[in-house]
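First up is the structure itself, then whatever we jot down about it.
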Amino acid sequence: MESPNPCEMEGDADMYGIGIRLGIYAQSLGTLLVTLFTQEEEGQNRIINLLLQLAIFAGTLLNTKTGVIHAFDVVIVFWLLAGALSSLTGDGLGGVGSFSGTCRLLFYTALSAYGCWFWFTGADDMVKPPCGIPEILFFGGSTLDGWFRTFGKVVAVLGLAVTTGMLFWTGAVYAKKGRGKNQERQSKRPQTEIVLMILSIAMIVLSITSTEYVIRANNLTEVNEIFKVGQVLAFLVGLFQLLNTLVMIFFKGRLLTPRCWLLFGRHLT
């Protein structure tokens, strides 16, 4: 969308308005806490996360189909959806026997496929900024003509290959072993892989800082008004999800629960 000033761009508040952004950020932080302290809630947490993520991605697909989307809109969505890992145990990333895990894999497979289309051909046909303004997609003023597009292609292709492979692997393992794996995992002490924890924290920081940078670097307007129905709903979903996790941690004794710390799969404690 274009603002009354012909050289000023209006962002898409329905995809990344302040309420939606804050809701996603709260979800990412809540997911990190769930994977650290209440791992039995990971499945339910994934489903709640997916609802908001699917809504954002569906809006992106609709705007793509109708031809009213900029390349920076898509990149902002990519950064928003690159939040915390949904498991820090190493064995919960495949989603074997888990409805939420399978849905997550299907979602990221679709997102990766869209990313491949976007980086290779789709971005060239999207709405161009007015007045020849360059679209900033990453720190350092990176644009569609720079190294960041090559990086995006690599990430999208690798993402599609990994998620597709995991889908086939998940199906094969589930068909062979049934539901036994999830039941076995629930009987273990809580486990945390330190490398995955650090990666999850780094992804949250990168997601938030990159999203906010792209919005400001492109001088997008109309995306910081929270007092609208869609913004308030998204914000409250993320906020209450985070508060619910905090209540379980601090009022149900999860903060000091003994756990197994792992480093590259080796037990440290």
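Along the sequence shown, the residues carry numbers beginning at 1. The structure presented is a predicted model; accordingly, all values stated were derived computationally and were not measured.
One N or O on the side chain of T209 and one on the backbone of V205 form a donor-acceptor pair closer than 3.5 Å. A distance-only check finds no donor-acceptor pair linking the side chain of D73 to the backbone of I69 [under 3.5 Å]. For Q39 (side chain) and T35 (main-chain N/O), a donor-acceptor pair under 3.5 Å exists by modelled atom type. Within the 3.5 Å criterion, the main-chain N or O of L220 finds no donor-acceptor partner in the side chain of N218. No donor-acceptor pair under 3.5 Å is formed between the side chain of R46 and the backbone N or O of T102. Side-chain N or O atoms of T66 include one that pairs as donor or acceptor with a backbone N or O of N63 at under 3.5 Å. In this structure, S207 contributes its side chain and W79 its backbone to a donor-acceptor pair below 3.5 Å. Under a 3.5 Å cut-off, the side chain of Q231 and the backbone N or O of I226 do not form any donor-acceptor pair.
With sequence neighbours left out, the salt bridge (charged side-chain N to carboxylate O under 4.0 Å, His left out) criterion links D124 to R149. Checked against salt bridge (charged side-chain N to carboxylate O under 4.0 Å, His left out), E225 has no partners two or more places apart in sequence or in another chain. Applying the side chain to side chain contact (heavy atoms under 4.5 Å, CB included) criterion to A26, with sequence neighbours excluded, gives L242.
Residue L81 comes nearest to Y108 through the heavy atom pair O-OH, 3.5 Å, listed as atom of the first residue, atom of the second, then distance. Looking at every heavy atom in both residues, S142 comes nearest to F148 through CB-CB, 3.9 Å. Shortest non-hydrogen contact noted between P129 and M9 is CB-SD, 3.5 Å. Listed here is the closest heavy atom pair of G159 and S112: C-OG, 3.4 Å. Counting all heavy atoms, side chain and backbone alike, I20 lies closest to M15 at CG2-O, 3.6 Å.
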> Would E135 and K128 count as a salt bridge (Lys or Arg N to Asp or Glu O under 4.0 Å) if you check the C-alpha gap in whole Å, the side-chain angles of each, and the deciding distance to 0.1 Å?
Replying inline: CA-CA 8 Å; E135 295 179 276; K128 304 301 179 185; 5.1 Å; no

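Neither side chain, T60 nor Y114, offers a donor N or O lying under 3.5 Å from an acceptor on the other.
Every pair tested for salt bridge (Lys or Arg N to Asp or Glu O under 4.0 Å) that includes a residue from residues 74-85 fails, sequence neighbours excluded, so the list is empty. Legend: side-chain hydrogen bond (donor to acceptor under 3.5 Å, both in side chains) pairs involving residues 239-249, not counting sequence neighbours, sorted by first then second residue: Q27-Q241, N45-Q241, N49-Q241.
In this structure, CG on L105 lies 5.0 Å from CG on L167, to the nearest 0.5 angstrom.
Through direct or indirect side-chain contacts shorter than 4.5 Å among Ile, Leu, Val, Met, Phe, Trp and Tyr, L62 is connected to no other residue.
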